[in-house]
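In what follows, chains carry the letters A, B, and so on, assigned in the order in which the sequence lines appear, proteins first and then strands, with residues in each chain numbered from 1.
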Number of protein chains: 4
Amino acid sequence: MNSPPRRGRPRSAERRRAVLDAAAELALTSAALPTMDAIASRAGVSRTTLYKWWPSTAAVLLEGLLERFHTSIEFDDDMPVRDALTAQVDALVHLLRDTPAGGLIRQLMAASISDAATSTALLDQWMEPRRQAALHHVARGVAAGELHAGTDPDLVVDALFAPAYHRLVWGHAPLDDDLAESVCALVWPAIAVPTSRPAADPAAPPAPDRGEHA
Amino acid sequence: MNSPPRRGRPRSAERRRAVLDAAAELALTSAALPTMDAIASRAGVSRTTLYKWWPSTAAVLLEGLLERFHTSIEFDDDMPVRDALTAQVDALVHLLRDTPAGGLIRQLMAASISDAATSTALLDQWMEPRRQAALHHVARGVAAGELHAGTDPDLVVDALFAPAYHRLVWGHAPLDDDLAESVCALVWPAIAVPTSRPAADPAAPPAPDRGEHA
Amino acid sequence: MNSPPRRGRPRSAERRRAVLDAAAELALTSAALPTMDAIASRAGVSRTTLYKWWPSTAAVLLEGLLERFHTSIEFDDDMPVRDALTAQVDALVHLLRDTPAGGLIRQLMAASISDAATSTALLDQWMEPRRQAALHHVARGVAAGELHAGTDPDLVVDALFAPAYHRLVWGHAPLDDDLAESVCALVWPAIAVPTSRPAADPAAPPAPDRGEHA
Amino acid sequence: MNSPPRRGRPRSAERRRAVLDAAAELALTSAALPTMDAIASRAGVSRTTLYKWWPSTAAVLLEGLLERFHTSIEFDDDMPVRDALTAQVDALVHLLRDTPAGGLIRQLMAASISDAATSTALLDQWMEPRRQAALHHVARGVAAGELHAGTDPDLVVDALFAPAYHRLVWGHAPLDDDLAESVCALVWPAIAVPTSRPAADPAAPPAPDRGEHA
DNA sequence: GTCTAAACGAGACGGTACGTCGTGTCTTCGG
DNA sequence: CCGAAGACACGACGTACCGTCTCGTTTAGAC
């Protein structure tokens with residue numbers, strides 16, 4: 001059951017770390033993707049080693065990115081659906097704006113446009129898990145009768161997340177603190193099933209929808 | 001009022017055309033940005049001439065893009081606001097999906113991430129005119145009382161356009177024919193002032209939902 | 001006998017001067033041959049004009065050189081042969097060392113090595129006139145019985161002039177003030193017919209020839 | 001005492017050879033200095049490699065030249081001084097006329113005029129060793145009382161060698177078989193201490209010195 | 001005085017070579 | 001077998017001059 005009796009010198013974990021860190025630092029201090037040369041010399045590692053374990057700088061960057069931010073996806077199923085979705089978008093906004101992830105994602109998006117392998121990897125390992133988590137909450141909402149049955153989950157999820165990426169890439173507007181909340185508020189009326197409570201007060205019901213998240 | 005008495009050999013319009021066309025063709029048949037070398041030889045033009053008029057391949061691509069699609073922005077002020085916005089988004093979706101513009105925009109977005117000059121140019125000359133046109137319609141709607149006064153125009157415009165770019169870049173979902181309509185429908189309930197129709201149903205007003213947060 | 005009835009605008013003498021001067025100045029302030037571009041802009045003349053009148057920078061330089069130093073060749077036939085030859089060599093040494101001619105000749109020699117046209121022009125218009133003048137004096141010496149009849153004039157002339165050019169090009173030793181005199185003294189004993197002086201001391205004759213010039 | 005434990009891939013000797021040969025061939029079949037491009041493609045070597053080891057085509061040429069003709073300098077101290085010097089000049093004449101060295105030297109002289117690095121290298125590695133060897137023989141002659149004590153060694157050496165280079169560069173006269181002998185004969189009477197032979201005929205001595213070589 | 005043909009200025013253009021940078025592969029040695 | 005060092009081929013970069021070309025604009029002498 002244990003691994004086969006590995007022969008030869010084992011791979012050095014320190015060097016892997018050094019490479020991932022060096023790549024991230026370089027990516028964040030320059031507009032363009034770092035070069036293999038630069039990563040190698042910054043990490044104090046030979047180019048040979050680099051090419052042995054990663055096919056491109058984008059691959060290095062992606063591995064570092066995923067390792068650092070592998071959490072930040074899961075959310076409680078006990079949360080109200082709207083809160084859960086808002087929290088996810090909000091987490092993304094903070095990630096993109098306040099952590100190195102934003103810079104790395106920018107570079108990786110650029111790389112993925114001209115490189116199919118990067119594109120696939122980035123989609124599968126970064127985007128899809130987050131999309132699936134969001135889709136899960138949407139499905140939960142539909143199942144619970146909180147959301148209209150005809151809701152297009154993909155569209156809703158894109159509508160929620162796209163503005164954040166859009167502003168990250170184009171830079172024409174800031175990633176505000178309340179962006180997540182605002183976007184959810186913008187989408188919610190169209191998908192939420194009106195709660196059939198006493199309905200006594202026509203003005204009240206909608207209010208709770210967002211009063212507590214602002 | 002005529003042009004100044006041009007000295008020297010005039011610039012060749014044919015060569016300009018050949019370059020713009022060659023660059024576009026190359027960009028559309030390969031994943032990565034074409035090289036200056038490739039554009040020059042494809043266009044039958046010397047590299048020197050290329051560098052004389054354009055600083056980078058992205059600049060060539062952008063000029064060709066703008067020249068081909070300089071229209072497609074203007075919309076009738078007599079249209080209902082919602083129709084006007086939907087038409088704009090729809091025009092973008094068709095441009096990105098059914099014309100070379102989609103491929104060119106992808107490449108240019110990638111380039112703009114690592115090159116500030118391209119970023120500025122693309123934003124100013126492609127994105128801003130379209131954004132302004134959309135903002136104009138939103139303002140018109142607010143002025144006419146069709147949209148809530150507190151509407152955040154930037155957010156609304158981003159919410160309308162971002163999904164299309166998002167799908168173009170990530171490719172995780174198609175640019176459907178009805179994407180524009182769907183996105184507008186998703187956003188509309190949150191921003192539209194309820195028409196004083198029979199007004200029989202007091203539960204309808206999603207409106208109060210957001211009047212105060214914009 | 002007069003020139004044909006010239007039509008059109010005549011060539012500008014000022015520009016010709018400006019070009020020749022600019023070329024010489026540039027050649028003297030840089031190790032390498034000046035470029036056509038540099039000459040043109042320095043002279044305030046268009047490149048077109050330059051190419052119209054001269055095929056290369058070497059041609060410009062040569063024309064300027066010849067114009068400036070077209071004299072400095074002729075010497076008196078009444079001078080003693082040895083003095084005449086010494087004076088010629090001395091004139092060359094001063095030209096190469098104390099005037100711009102040295103720098104120009106260096107550049108032109110370099111150019112002539114890789115360009116046949118320059119080579120021919122330089123040989124015909126610079127070297128040959130000087131060689132012929134020297135050969136004339138040698139022939140005069142032979143005719144007057146001052147020099148041995150078997151003297152090889154070409155060899156003697158080369159022996160006299162070569163050291164100066166050699167030092168100019170290689171720069172391993174200076175062009176001394178007394179170089180001309182020293183070289184002549186070195187060659188003279190071998191070619192001079194001994195004057196039938198008292199001839200008392202058979203060992204002495206060669207010594208005085210160079211004792212006083214060394 | 002052995003070499004340090006060489007790390008990395010060792011330099012390829014074949015490529016070095018290929019480059020040196022290609023450069024020499026190109027230099028000999030064209031008037032101008034070969035280009036780095038041409039050398040690289042002729043040698044089947046990448047331009048990068050070329051630039052890694054040599055800063056210019058002149059450097060390549062010089063290295064090839066020195067390697068091929070690194071001998072041809074040393075001469076026997078047992079030889080009579082005059083014979084030794086004549087042999088040296090003769091060796092140079094043959095080198096310049098009958099081997100590729102002549103062509104290479106021409107190109108290198110041209111290059112050295114406009115490039116200080118080439119100039120220094122050519123002087124130090126080609127000219128100086130030969131000059132020193134000649135100076136050695138002259139010093140030997142002075143020490144042995146064969147040459148006048150006041151002889152200027154630099155001048156004598158230049159007088160001996162300059163004519164050969166002069167004719168190589170200017171091409172106005174051929175490098176004859178007997179050039180070395182003729183030049184030595186021309187210089188000898190001025191520097192040789194008369195051998196105290198019978199000294200019977202005071203008029204004869206100079207004559208034999210050159211009578212037979214003219 | 002025109003007329004006119006050459007000289008001239010400005011600058012676009014196709015080329016060739018430059019020297020550099022980054023890539024990815026290969027070769028050799030040491031841990 | 002891992003890793004370091006470094007040679008190497010390749011492709012693109014952006015620049016410098018080259019020599020040619022195509023315009024428009026002088027300008028002095030011929031008519």
Selected nucleotide, minimal atom distance to [X] side chain, candidates [options]:
X: C:Thr35; options: F:dA4, F:dT26, F:dC17; value: F:dC17
X: D:Ser46; options: F:dG19, F:dC10, E:dG9; value: F:dC10
X: C:Arg15; options: E:dG11, E:dT23, E:dC8; value: E:dC8

query = Between D:Trp53 and F:dA7, is there a side-chain N or O to OP1/OP2 distance below 4.0 Å?
reply = no

ask   = Distance check: side-chain N/O of B:Thr49 vs OP1/OP2 of E:dG14, anything under 4.0 Å?
value =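 Looking at the OP1 and OP2 atoms of E:dG14, one of them is under 4.0 Å from a side-chain N or O of B:Thr49.
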
ask   = Which residue pairs satisfy the side-chain hydrogen bond (donor to acceptor under 3.5 Å, both in side chains) criterion with at least one member in residues 32-46 of chain A, sequence neighbours excluded?
value =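 side-chain hydrogen bond (donor to acceptor under 3.5 Å, both in side chains) check on residues 32-46 of chain A returns A:Glu25-A:Arg42, A:Asp37-A:Arg47, A:Ser46-A:Thr49.
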
Provide, to the nearest angstrom, the distance between the [atom1] atom belonging to [X] and the [atom2] atom belonging to [N].
X: D:Arg42; N: E:dA17; atom1: CZ; atom2: P; answer: 15 Å
X: B:Met36; N: E:dG14; atom1: CE; atom2: P; answer: 14 Å
X: D:Asp37; N: F:dG11; atom1: CG; atom2: C1'; answer: 13 Å
X: D:Leu50; N: F:dA7; atom1: CG; atom2: P; answer: 14 Å
X: B:Tyr51; N: E:dT16; atom1: OH; atom2: C1'; answer: 15 Å
X: B:Asp115; N: F:dC13; atom1: CG; atom2: P; answer: 14 Å
X: B:Arg9; N: F:dG19; atom1: CZ; atom2: C1'; answer: 13 Å
X: A:Trp54; N: F:dG3; atom1: CH2; atom2: P; answer: 9 Å

ask   = Starting at the 5' end of DNA chain F and moving along, which residue's nearest nucleotide shows up first, B:Gly8 or A:Ser12?
value =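 Residue closer to the 5' terminus by nearest nucleotide: A:Ser12.
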
Residue closer to the 5' end of DNA chain F, C:Thr57 versus B:Pro55 (nearest nucleotide) = B:Pro55

request  = Please list, chain by chain and in numerical order, all residues satisfying salt bridge (charged side-chain N to carboxylate O under 4.0 Å, His left out) with C:Arg106, sequence neighbours excluded.
outcome  = none

ask   = Partners of D:Arg15 by salt bridge (charged side-chain N to carboxylate O under 4.0 Å, His left out), sequence neighbours excluded?
value =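 Listed in chain order: nothing, the list is empty.
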
message = If you assign B:Ala13 and C:Val45 each to the DNA chain E nucleotide with the nearest heavy atom, which residue ends up on the more 5' nucleotide?
response =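 First, find each residue's nearest nucleotide; the 5'-ward one identifies C:Val45.
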
First of C:Lys52 and A:Ala38 reached from the 5' end of DNA chain E, by closest nucleotide =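 The residue whose closest nucleotide sits nearer the 5' end is C:Lys52.
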
task = Measure from NZ or CZ of D:Arg11 to the centre of the six-membered ring of D:Trp54, then state whether that distance is under 6.0 Å and the direction lies within 45° of the axis.
result =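 Ring-cation test returns yes.
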
task = Using a heavy-atom cut-off of under 4.0 Å over every strand shown, decide if D:Thr48 touches base, sugar-phosphate, or nothing.
result =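 Base contact.
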
query = Ignoring hydrogens and geometry, is there a side-chain-to-backbone donor-acceptor pair from A:Gln107 to A:Ala32 under 3.5 Å?
reply = yes

message = Quiz question: going by heavy-atom distance under 3.5 Å, is there a donor-acceptor pair between the base of E:dT4 and the side chain of C:Arg7?
response = no

inquiry  = Taking atom types as they are modelled, would you say the side chain of C:Arg47 forms a donor-acceptor pair with the base of F:dG19 within the 3.5 Å cutoff?
reply    =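 Result: at least one qualifying N/O pair found.
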
query = For DNA chain E, which residues in residues 25-34 of chain D have a heavy atom at a distance below 4.0 Å?
reply =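 When residues 25-34 of chain D is checked for heavy atoms under 4.0 Å from DNA chain E, there are no hits whatsoever.
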
task = With sequence neighbours excluded, give me every salt bridge (Lys or Arg N to Asp or Glu O under 4.0 Å) pair touching residues 110-120 of chain A.
result = none

message = For D:Arg16, is there an ion pair with D:Asp21 - N to carboxylate O distance below 4.0 angstrom?
response = no

request  = Not counting sequence neighbours, which residues clear side-chain contact (heavy atoms from CB on, under 4.5 Å) with A:Pro55? List them please.
outcome  = A:Ala59

